[in-house]
Protein chains: 2
Amino acid sequence: MDDIDRHIVTALVADGRMSYTDLGKLIGLSTSAVHQRVQKLEERGVLRGFRAVVDPEALGLSLTAFISVKPIDPAAPDDVPDRLKDLVEVEDCYSVAGDENYILKVRVGTPGELESLLARIRTDAEVSTRTTVVLSTPFEARMRGTTPA
Amino acid sequence: MDDIDRHIVTALVADGRMSYTDLGKLIGLSTSAVHQRVQKLEERGVLRGFRAVVDPEALGLSLTAFISVKPIDPAAPDDVPDRLKDLVEVEDCYSVAGDENYILKVRVGTPGELESLLARIRTDAEVSTRTTVVLSTPFEARMRGTTPA
DNA sequence: GTGGGCGCGTGGACGATATCGACAGGCACA
DNA sequence: TGTGCCTGTCGATATCGTCCACGCGCCCAC
């Protein structure tokens, strides 16, 4: 994991479809060399994969919210993530320190869908919830590939 | 935006480097046809781009936190996102309804870095902060491409 | 009914790219 | 001074992206 690797990672975060040829020219290495490095970065788990970035609005998911979650029975075994993983509306699930146990980020289309999602979360995971609705998203999913430029 | 488009989007979210040839076979269309559709999806902004997914730990960013932010002077003009956009540690910035004005997601390497980041946020944006540290991440950045399977 | 325009998909051809193997240089270590 | 390892270059080949011409079905005007 040297500077060249960091440079590669940065470039691929910016453009995941960049060809190895272009990548090589960009960082001053042959096509094969960058190819080998990318493969090793994937093997080591540094690069987890490549994915398309989709506009949630275009999919009709115009309402984003954070839901803080706390078990109703603190003594019960904690398998909240397991119980929530089938709810496709739940995009992120973080276990956190603090008053609540988990923070979820969810995306739905309408307030009505949010309401029924909350009901499902409460019953499926046996938790109480505190919801914060997102009004706008100044920026999101920025990634510093460790190389500032 | 029909079922075929949704299918394409789903496939590209799962694997952003899938070749047009494979994509065509997968959804039962010729290479050229999927190529045209993907281009239009990009033009329409449904597909915002392609990026590599990086393991933050591999970059030495092992500490994630949410920071809720509230202006010290509620009467001051609200340009918090502008003031924070240069802090590369801030990955997401959401304007939210509720007691606080913004929720930030940040990634740093150490508690010490979090401390100095908080100081910078407070002075740069003239806000008070409430920080929730992430202990673990059961899942993150899931994407429903609208096609359940 | 007929003809034109249009959106969408197909198939082929060409150049570019990914991918693999063989080989060369630098470096640490014995 | 070898020896092994890592890393990069180079070249060959199959595959892929990209572009173009064509065909089909649909809608609408006349």
Side-chain angles (χ1 to χ4, degrees), chain A residues 1-61 141 143-149, chain B residues 1-62 109 141 143-149:
Chain A
M1 194 63 202
D2 54 8
D3 280 342
I4 295 179
D5 281 342
R6 272 184 280 272
H7 201 160
I8 290 176
V9 168
T10 307
L12 287 178
V13 167
D15 178 5
R17 292 211 121 183
M18 184 177 296
S19 74
Y20 291 117
T21 306
D22 290 346
L23 200 51
K25 287 178 190 164
L26 180 66
I27 68 176
L29 230 54
S30 73
T31 305
S32 306
V34 288
H35 189 247
Q36 291 174 45
R37 277 179 179 266
V38 170
Q39 276 189 327
K40 284 181 185 169
L41 287 169
E42 288 180 330
E43 285 167 11
R44 274 187 274 154
V46 178
L47 289 176
R48 283 191 192 159
F50 299 86
R51 53 167 49 189
V53 181
V54 181
D55 179 10
E57 299 256 358
L59 299 178
L61 303 174
M143 244 307 188
R144 55 162 166 173
T146 309
T147 307
Chain B
M1 193 64 200
D2 55 8
D3 280 342
I4 295 180
D5 280 342
R6 273 184 279 272
H7 201 159
I8 290 176
V9 168
T10 307
L12 286 178
V13 167
D15 178 7
R17 292 212 120 183
M18 184 178 295
S19 74
Y20 290 116
T21 306
D22 290 346
L23 199 51
K25 287 177 191 166
L26 180 66
I27 69 176
L29 229 55
S30 72
T31 305
S32 308
V34 290
H35 188 245
Q36 292 175 42
R37 278 180 178 264
V38 170
Q39 277 189 327
K40 285 181 185 168
L41 287 169
E42 287 180 330
E43 285 166 10
R44 274 187 274 154
V46 179
L47 288 176
R48 283 190 192 162
F50 299 86
R51 55 166 51 188
V53 181
V54 182
D55 179 11
E57 300 255 359
L59 298 178
L61 303 174
S62 48
M143 244 306 189
R144 55 163 167 174
T146 308
T147 306

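Just so we're on the same page: letters track the sequence lines, and every chain starts at 1. Everything quoted here is computed from the prediction, not taken from an experiment.
For the segment residues 25-53 of chain A, residues with any heavy atom less than 4.0 angstrom from an atom of DNA chain D are, sorted by number, L29(A), S30(A), S32(A), A33(A), Q36(A), R37(A), K40(A).
In this structure D22(B) satisfies the salt bridge (charged side-chain N to carboxylate O under 4.0 Å, His left out) test with no other residue, sequence neighbours excluded.
In plain terms, the two heavy atoms of G45(A) and D55(B) that are nearest each other are O-CB, 3.3 Å. In this structure, D2(A) and D5(A) approach most closely via the heavy-atom pair OD1-N, 2.9 Å. Counting all heavy atoms, side chain and backbone alike, R17(B) lies closest to G16(A) at NE-O, 2.9 Å. Nearest heavy atoms, V13(A) versus R51(B): O-CB, 3.0 Å.
Protein chain B touches strand DNA chain D; the 5'-most and 3'-most nucleotides with an atom under 4.0 angstrom of its non-hydrogen atoms are dC16(D) to dC19(D).
Distance check: T10(A) OG1 to D3(A) CG gives 10.0 Å after rounding to the nearest 0.5 Å. Atom CG of L12(A) and atom OH of Y20(A) lie 7.5 Å apart (nearest 0.5 Å). Within the model, atoms CE of M1(A) and CZ of R37(A) stand 10.0 Å from one another, a figure rounded to the nearest 0.5 Å.
Mapped onto DNA chain C by nearest heavy atom, Y20(A) and D2(B) fall at different nucleotides, with D2(B) at the one closer to the 5' end.
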